[in-house]
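The structure under discussion appears below in the form of structure tokens.
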There are 2 protein chains.
Amino acid sequence: MNIGRAAELSGVPSKTIRYYESVGLLPPTGRAANGYRDFTAQDVDILRFISRGRGLGFSVEQVNELLSLYRDRERACSDVKRIAVSRLADIERKMQELASMRDALQTLAQQCPGDARPECPILADFMDPVHGPGKA
Amino acid sequence: MNIGRAAELSGVPSKTIRYYESVGLLPPTGRAANGYRDFTAQDVDILRFISRGRGLGFSVEQVNELLSLYRDRERACSDVKRIAVSRLADIERKMQELASMRDALQTLAQQCPGDARPECPILADFMDPVHGPGKA
DNA sequence: ACTAGGCTTACCAGCCGCTGGAAGGTCAAG
DNA sequence: CTTGACCTTCCAGCGGCTGGTAAGCCTAGT
């Protein structure tokens, strides 16, 4: 099948499919006589695998590792879990970062009347955070 | 003062300071006779403002808006609040996105024994998420 | 047979927010 | 006078695409 159909079936845009191929994430597909890429159902499966991994926030490099593990009949489940757990830790870290940003911003926003007056506690804090709600 | 000192006082690396200047976030500083940038205490204040804004996750463009509002004596507090509230919404959205990733991954990780066996529910889900813990 | 349009190809450029490195000028201390 | 730390500019690259260009191909309708 052509790239457009593969895109449709996998949910990955054609451009992105070519990109994945170019960075070695998707192995080069076969080519039809006219030079068009020719995708098999298995290629589409791989694309879906990639899409799922990316959707869970794994980096392209990590998805590559996971794909290698998938292809490796001798792989140990623990290797997969290690990557997943490391990703979980990433997520937790980012969530905490966001939470502290949110808390600081919420405090500031609450102090801000949000009317037409020019005095703004948010800007005041930005210029001199010493007395503000703390670090973000 | 030189850029190194300004970096030290503001916590923003020299390279980044030059970058901020190049994209119009920090107005061009004065120059000493030797061509070196010459920072005033006010320049450092602006750098800290930028740093605080970036630390709260505002984009460079948003920080630019906030800086413009700061400089504008006639600004309305509501304009500032609008930007802050929009950033808060961004944060909430990202946190939810991360939370759903975390939930899906945690479910998968729990199902994964993490031992030396090759059968891995995580990889199985990646290849065929239909029966898995759902979308991320 | 011809044309219109939609698909495909490859390539280069740009997005964001830096960060690293090269190649050179300047300055203070030894 | 040299060393080393600082400063200058500019160009390139990170990740992960995405857009645009120019060209080739393929199919349906006239």
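Below, chains carry the letters A, B, ... as their sequence lines are ordered, and counting in each starts from 1.
Rounding to whole angstrom units, OH of residue Y19(B) and C1' of dG13(D) are separated by 14 Å. As rounded to whole Å, 11 Å separates atom P of dC10(D) from atom CD of E21(B). Across the protein-nucleic acid pair, N2(A) atom CG and dC25(D) atom C1' stand 10 Å apart, rounded to whole Å. Whole-Å rounding puts the I3(A) CD1 to dT9(C) P distance at 5 Å. One interatomic measurement links the two molecules: CG of D38(A) to C1' of dC25(D), which rounds to 15 Å at whole-angstrom precision. Counting to the nearest Å, the C1' atom of dG16(D) and the CD1 atom of I17(A) are 15 Å from each other. The CE atom of M1(B) sits 16 Å away from the C1' atom of dC6(D) (whole-angstrom rounding). Between Y20(A) atom OH and dT18(D) atom P the separation is 8 Å, expressed in whole Å.
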(request) Evaluate side chain to side chain contact (heavy atoms under 4.5 Å, CB included) for M1(B) paired with L9(B), printing each intermediate quantity in order. (result) CA-CA 10 Å; M1(B) 76 187 81; L9(B) 291 180; 3.8 Å; yes
(message) side chain to side chain contact (heavy atoms under 4.5 Å, CB included), that's the test. Do V44(A) and R48(A) meet it? Break it down for me.
(response) CA-CA 6 Å; V44(A) 173; R48(A) 277 205 270 250; 4.0 Å; yes
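Phosphate proximity of dT18(D) to T16(A): present, with a side-chain N or O under 4.0 Å from OP1 or OP2. In this structure, R31(B) does not reach the dC7(D) phosphate: none of its side-chain N or O atoms is under 4.0 Å from OP1 or OP2. One finds a side-chain N or O of R37(B) lying less than 4.0 angstrom from the OP1 or OP2 phosphate oxygen of dT9(D).
The CG atom of L67(A) lies 6.5 Å from the CE atom of M127(B); values are rounded to the nearest 0.5 Å. For the atom pair CG (L66(A)) and CD (E61(A)), the distance works out to 10.0 Å, reported to the nearest 0.5 Å. The CD1 atom of I3(A) sits 7.5 Å away from the OG1 atom of T29(A) when rounded to the nearest 0.5 Å. Between the CD1 atom in I46(A) and the OG1 atom in T40(A) there is a gap of 7.0 Å [rounded to 0.5 Å].
Both F58(B) and K15(B) lie close to DNA chain C; mapped to their nearest nucleotides by heavy-atom distance, the more 5′-ward contact belongs to F58(B). Positionally, the nearest nucleotide of DNA chain D for S14(B) lies more toward the 5' end than for the other of P13(A) and S14(B).
Note on the helix from dA1(C)-dT30(D) to dG30(C)-dC1(D): angle between the axes of the first and last five pairs equals 30°, rounded to 10 degrees.
Residue-level contact check: R18(B) touches the bases, meaning some heavy atom is under 4.0 Å from a base atom.
Classification of E8(A) and R5(A) as a salt-bridged pair holds, one side-chain N sitting under 4.0 Å from a carboxylate O.
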(request) Could you run through nucleotides 24-29 of chain C and give me one letter per nucleotide, 5' to 3': B if any protein heavy atom sits under 4.0 Å from the base, S if only the sugar-phosphate is that close, - if neither? (result) -BBS--
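Remark: side-chain polar atoms of R87(A) are paired, donor with acceptor, to backbone N or O of L56(A) under 3.5 angstrom.
Remark: Y70(A) pairs with F49(A) by the ring pair (Phe, Tyr, Trp, His ring centres under 6.0 Å) rule, at least two apart or across chains.
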